[in-house]
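Written out below as C-alpha cells is the structure these notes cover.
Naming: A, B, ... by sequence-line order, numbering from 1 per chain. Side-chain atoms are counted along with the backbone in the values below, which use heavy atoms only and exclude waters and symmetry mates.
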Amino acid sequence: MCERILEGRKRKTKNEEDEAMGFADFGGYFESKKAKLVDQFKETAGNTNVKSNIFKGIAIFVNGLTNPNSAELKKLMAEHGGVYHGYQMSSTTHIIASNLAYAKTKNLGSVPIVKASWITDSIELRKLLDYKRYILFSNQSAAQPKLNFPILPGGENDIAKETEKDSLGSVKTVSSSPEIEKSRITKTASDPKFLEEFYNNSRLHLIATMGAEFKQLVGQLREKSDGKFLGKELLLSKGNPSSKRTYSSVVMHIDMDCFFVSVGLRNRPELKGKPVAVTHARNGQISSVRPGRSAEIAMNLERAPENIVEKISNLDSHSSMSEIACCSYEARKCGIKNGMFLGTAVKLCPGLKTIQYDFQGYKEVASTLYKTVASYTLDIEAVSCDEMYVDVTKLLNDCGVVVDQFATHLRAEIMEKTGCPCSTGFGANKLQARLATKKAKPNGQFYLEVDDVETYFSEIPLGDLPGVGRATLSKLKNLGLVTCGDVQVSSLSILQSELGQKVGETLMEQAKGIDKKPLNFHHERKSVSAEINYGIRFKTLEESYNFLQSLSQEVFNRLNDIGMKAKCLTLKLMVRSADAPTETAKFLGHGICDSLSKSITSNVAITDVKTIFKEAKQLYDKFNVPFEDLRGVGIQLSKLEKIGPTSSVMSNFLKQNSVINENKVTVDVIPSNDVGVMKNKQEVKQESVSVKNDSKKNSINTLNKKETKSKRGRPAGTKTKAKGNVKSKTSPSPMLDKYLKNMGTPVKTNFQNIDMGVLYELPEELRNEIMKEYQLQHQVITKKSGEREIQVADVKPQPSELKQKIEEKKSPFDGLSWEELKPILKTWMTSEADPKEIDVEMISEHFRQLAIDRKIENLKVIFNFLHRTFEKLNCKWHNAYFSIVNTTQQGMVARYGGTLMVERRFSCCK
DNA sequence: ATCCTCCCCTAC
DNA sequence: TAAGGTAGGGGAGGAT
C-alpha cells in the first residue's frame, strides 16, 4: 500500500472539497520536495489560477537558494493570494531564505527572515501558519518593535523580546563566532525557557504524564462513585439476563489502534488508508549535513546492540532523525515501525505522509475513552492514555450479555464518541487479555477462551510477551528459544540462571498463559522524577547549575502536586562517552553516552526545592563531570511518604516562595581533611558574616520573614548558615549543648551535611575534635556579589554506635513531655540577651514535627506560654516567636490543611 | 541472610 | 535540524 513518490503523477482523487478548493495537486507536491517532482511542477508553472487566499496581505522577497526555489515560490504566492517581490521593497512583509550567513550579514530592517517551508506548510495545511515557528533569523531590534505585516491571532509578538534577549546574550559574549550566532536561534537547556518548550513538544513526556494522570483519575472516580453506571444500564436493557452464560473471570484489555495517527486522522480523512506517520519533521531529508553524524554511526555500527544498529543502518547524511511517534497500519506494511527515524522510514516508503502532533486531541480522546468505559464499571486498571485493563466479569453476568456482544457494543460506542478505532482482547487474566488484543488488532475483538489458552500460547513468539524486550529476547534466542511453546518445555533452572531468579520464573508462567498479578485499581506512586536527555549543551558551569535548579523546581512541583515528600534523591547524568564525537548525529541529541547515577538517602524527608537543589548539586559536584560533556540530566525522588492534604492557597504560596533566587553561583572548591586549612577558612567566614550583617541588618528578622518559608522539613542536623554574631563563636549556646548531648553532633547518616556555621559556634577544641573524628571536607561557595560563605561539609561514614543514636532520636526534644520541655525553654530564654538562630530553628522544627505527628494537644498551651514569656523580652525574641509559630503552622497546614489560632502580636512591635 | 546502591530492562 | 520521558521491576555485587 506504500504510495511511491513517482506515483505522484497519477495522484489519487482527493475528496470533493479538496477538488473545489483546487488543492488536488498539492498532496502530490508535498509528498516530496525532491528534484524529480519539482521539475514536474515547473512544467505546469505557467498557469496561475487562484486556488486560495491564505497569503492575503503577505509579500515575500526570496533571497538566495531556497527549496522550493524562487520561481516556484512566486507561483505558489500567486496561486494563494500573496505577492511576490523580485527585490526587497518597503512593503515586503517576509523574506524567504535558507542561508543563515545572509541573514547575519545583511541589515534588512524589521522584516523577518523565514524558511520556505512556512509557505509550503501553510499551503499543505490550507491556512496561514504562524511564521514565527519558521524564523530563520530575527534581525529586528528592540527599538523597532512595530510590525507592518499581519500577525496571526493568538500569537503574541515576541520577536522584539527575542531580539532583546539576543542582544543581551551578545553583550556577555566577547566574540561572535558562527556557533554563538547559531545558538541564538537554537534553544538548548541553557535557555531558561527550554524546559517548558521541550515539555510542550515531547511525545514521551506526554505519554508518561498522561499515563500517570489516568491512573490517578481512576482512583478518584472510584472514591467518589455513586454506584450508578449509565452505560451499564443501557447495556442491561439490551441483554438477556434469563438466558445468560455465567463467567467466572473475564478481563478485558482495551487498546486504541495507532493512537496518535487515529486522532490526527480525524481532521484529515483524506489520508485514511494511506501510510501516515506522526513526526515533528515534515521531510525525510534535512538540508544541511550534520557534522559528526558519520562518526557516530560508525561507532554505533561497531559496538551498539543490534536494534540500534538496525535503526541507523539505513541513515545517510541527509536523513531526518526525527522519530516517528506513531504510524498507520498501511505504513507498518512497508516495514515502518514506531520510533524509527523519519529518514529511514521514507526510504522504506517514499509516499509516507507525515502529520503533526495534536497533543490536545490526544488528551480529549483519551479522556472520552476513559469516561466511556467508566460508565460501565470502575474496575479499571489504567495502563496508559490509550490502554487499560477492565474486570468485566460482574458486568457481563449482571447484564446477561456475552463477551462478543459487549465488545461490539463498546467498540462501536468508542468509535462513535472519539472517531477513533480500538481493539479489545478478553481472557481469564491480564496476560491472556493482552495477547488476545494482539490478535484482535486492528479494529477488532477476540476472546481467548480457557480451553484454547494452551494452544494459543504455544505459538506466541516470546517477544510478544510483556516484559520480554530486546535484551531478554536476545538471551532467549541464544538458548534456542523462540516461542512460548519452546519455553513451556524448557528447564526453569536454565531460564533462571540466564535471566535471573524472578524473571525466569515469571517467564515460565507467562509462556503457559499464567498471570498471578491481579488488576490494580488503586495506584500508589513510588517515585517522582524529571529528566532531560535532549538539548543539553552547557557552555559554562554556571549554566549547568542553573539548569539543575530548574529541574529541581520541576521535580519539586511534581512532588508537591501529589502531596508527598521524599527521603531519597537520585541524580542521573548522561555523559558523552570518552571516544564519542562531540557533535551528535541527531540535532541536539545525546549521542553515545555513559549513564551515571548517584543517590542520597536521609532520615528526614525532603519537602522543599532548596533542599532538592542542594542535594542534587552536591551529587553533581561529586561526579565532577566536565559540563561540556553533559548530555542528559535527571533528578528522581523516591522513598516517598504522604504528607497531609495542603490547601490550594497554601500549596500555591509554597510553590511561589520555594523558587530559588540565588541562581548565580560559581564554585571554588577547597577539598580538605586538614584541620589546619579549615582554620584559615574560619577567617573567611568571619568576613562573610560582617558582609551579611551589613546588608541584612537583623538575621532573626530575615529568618522570620523569608527563610522559614522554604525551610519546611529541613533534615535534622542540616542547619542553615550561621548568620549572626561573631561573638557567639566563643561561647557555645546552652541549646547547642543540649543538642549535642542528645545527638552526638548535628549530622545525618551516611554522607550528609554538617553546616560549618554550626561548627564555628563551638569552642575550638570541641570543633577540632569533631572535625577530626568525622574527617570533614568542605566546599566554599562564592556568590557573584562577592559575598562568601561556607556552605557544607562532607562527612565520611560515622561510627555505627552514633549512627544508631541518631536514628533513634530525630530531634533532641523528641519524646520529651511539655513538662520536661518547659524548664529547658525557660533556661534558654533567661540564659542570653538575644536568641540564637540555631536554637530557634531547632525548636521550630520540633514543633513542626509535633504538628505533623498529630501531637497537638499541648500546642495551644505551649504557644500561650511562649507568648506570655516572650512578651517580657526584646523584639529579637519576638521575631524568634514569629519564626517558631510560622514553622509550626506549616506543619499544621501540611497535616490538617489549616492553621492553629495563636496570638500573633506583641504590644511593642508592628 | 538481608539490605542498599547503581545500574539495566521494559512499557507506554 | 528536533523536542531521546518516566515509572516500576529486578539483578549484581558490596556492606552489614
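- Considering only side-chain atoms of A:R470, the nucleotide from C:dG5, B:dA11, B:dC9 that sits closest is B:dC9.
- Within the structure, every side-chain polar atom (N or O) of A:S597 is placed at least 4.0 Å from both OP1 and OP2 of B:dT5.
- A:S287 comes within contact range of no nucleotide atom at all, as no heavy-atom separation falls under 4.0 Å.
- Among the heavy atoms of the strands, none lies under 4.0 Å from A:G463.
- The side chain of A:Y534 lies closest to C:dG4, out of C:dG4, C:dT6, B:dC7.
- In the set C:dA3, C:dG5, B:dC12, the nucleotide with an atom closest to the side chain of A:L204 is C:dG5.
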Requested in this report: Report the C-alpha distance between A:T437 and A:H253 in whole Å, list the side-chain angles of each, state the deciding distance to 0.1 Å, and finish with yes or no for side-chain hydrogen bond (donor to acceptor under 3.5 Å, both in side chains).
Outcome: CA-CA 7 Å; A:T437 309; A:H253 177 240; 2.7 Å; yes
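- If you check every strand for non-hydrogen atoms under 4.0 Å, A:A530 touches sugar and phosphate atoms only.
- Atom P of nucleotide C:dA3 and atom CG of A:L342 are separated by 10 Å, given to the nearest angstrom.
- Across all strands shown, A:H523 has heavy atoms under 4.0 Å from sugar-phosphate atoms exclusively, and none from any base.
- When side chains are defined from C-beta on, A:C258 counts as touching A:R332, because their heavy atoms get closer than 4.5 Å.
- Between A:R290 and C:dA2 there is no side-chain polar atom (N or O) within less than 4.0 angstrom of OP1 or OP2.
- B:dC12 atom P lies 17 Å from atom OH of A:Y362, rounded to whole Å.
- For A:E531, counting side-chain heavy atoms from C-beta on, the closest listed nucleotide (C:dA2, B:dC12, C:dT6) is C:dT6.
- For the pair A:E323 and A:K311, the salt-bridge criterion is met [side-chain N within less than 4.0 Å of a carboxylate O].
- Backbone-only engagement by A:L499 is indicated by non-hydrogen atom pairs under 4.0 Å involving sugar-phosphate atoms exclusively.
- When the nucleotides B:dT5, C:dG5, C:dG9 are ranked by their closest atom to the side chain of A:S599, B:dT5 comes out on top.
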Report task. With side-chain hydrogen bond (donor to acceptor under 3.5 Å, both in side chains) as the test, would you mind laying out the steps for A:T188 and A:S190 before giving the verdict? Result -> CA-CA 5 Å; A:T188 68; A:S190 308; 3.3 Å; yes
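- Contact annotation: A:T209 side-chain N/O to C:dG5 OP1/OP2 distance is not under 4.0 Å.
- Note on A:D386: only backbone sugar-phosphate atoms sit closer than 4.0 angstrom, heavy atoms only; bases stay farther off.
- Distance CZ (A:R631) to P (C:dA2): 17 Å, rounded to an integer number of Å.
- Between A:S527 and C:dT6 there is no side-chain polar atom (N or O) within less than 4.0 angstrom of OP1 or OP2.
- Taking atom CD on A:E387 and atom P on B:dT10, their separation rounds to 17 Å, with Å as the unit.
- Across all strands shown, A:G467 has heavy atoms under 4.0 Å from sugar-phosphate atoms exclusively, and none from any base.
- Sequence order on DNA chain C of the closest nucleotides to A:R293 and A:A212 puts A:R293 first from the 5' end.
- Residue A:S595 has its side chain nearest to B:dC8 when only B:dC8, C:dA2, C:dG8 are considered.
- Atoms CD1 and CG, on A:I612 and A:L559 in that order, are 6.0 Å from each other to the nearest 0.5 Å.
- When rounded to the nearest whole Å, the span between CD1 of A:I600 and P of B:dT5 equals 10 Å.
- Atom CG of A:L352 and atom CD1 of A:I324 lie 5.5 Å apart (nearest 0.5 Å).
- For C:dG4, the OP1/OP2 oxygens have a side-chain nitrogen or oxygen of A:R203 closer than 4.0 Å.
- For C:dA2, neither phosphate oxygen OP1 nor OP2 lies less than 4.0 angstrom from any side-chain nitrogen or oxygen of A:N201.
- Backbone-only engagement by A:G500 is indicated by non-hydrogen atom pairs under 4.0 Å involving sugar-phosphate atoms exclusively.
- Heavy atoms of A:K475 sit nowhere under 4.0 angstrom from any nucleic acid atom.
- A:F538 does not carry A:R576 over the face of its six-membered ring by the limits of under 6.0 Å from the centre and within 45° of the normal.
- The side chain of A:T472 places an N or O atom within less than 4.0 Å of a non-bridging phosphate oxygen (OP1 or OP2) of B:dT10.
- Taking atom NZ on A:K526 and atom P on C:dG8, their separation rounds to 6 Å, with Å as the unit.
- Between the P atom of C:dT1 and the NE2 atom of A:H590 lies a distance of 20 Å, rounded to the nearest Å.
- Here C:dG4 is the nucleotide among B:dC9, C:dG4, C:dT6 with the atom lying nearest to any side-chain atom of A:E323.
- There is a side-chain donor-acceptor pair under 3.5 Å between A:S423 and A:D257.
- A:L637 comes within 4.0 angstrom of nothing in the nucleic acid, heavy atoms only.
- When the nucleotides B:dC8, B:dC12, C:dA2 are ranked by their closest atom to the side chain of A:K586, C:dA2 comes out on top.
- Within the 4.0 angstrom heavy-atom criterion, no nucleotide atom of any strand lies near A:M574.
- Within 4.0 Å (heavy atoms only), A:E498 reaches no atom of the nucleic acid at all.
- For C:dT6, one of the phosphate oxygens OP1 or OP2 lies less than 4.0 angstrom from a side-chain nitrogen or oxygen of A:H205.
- One finds no side-chain N or O of A:K193 lying less than 4.0 angstrom from the OP1 or OP2 phosphate oxygen of C:dA3.
- Mapped onto DNA chain C by nearest heavy atom, A:Q501 and A:A281 fall at different nucleotides, with A:A281 at the one closer to the 5' end.
- Straight-line distance from the CG atom of A:N603 to the P atom of B:dC3: 19 Å, rounded to whole Å.
- Ranking C:dT1, C:dA3, C:dA7 by closeness to the A:I286 side chain, first place goes to C:dT1.
- Distances from the side chain of A:S529 to the nucleotides C:dA3, C:dG4, C:dA7 place C:dA7 closest.
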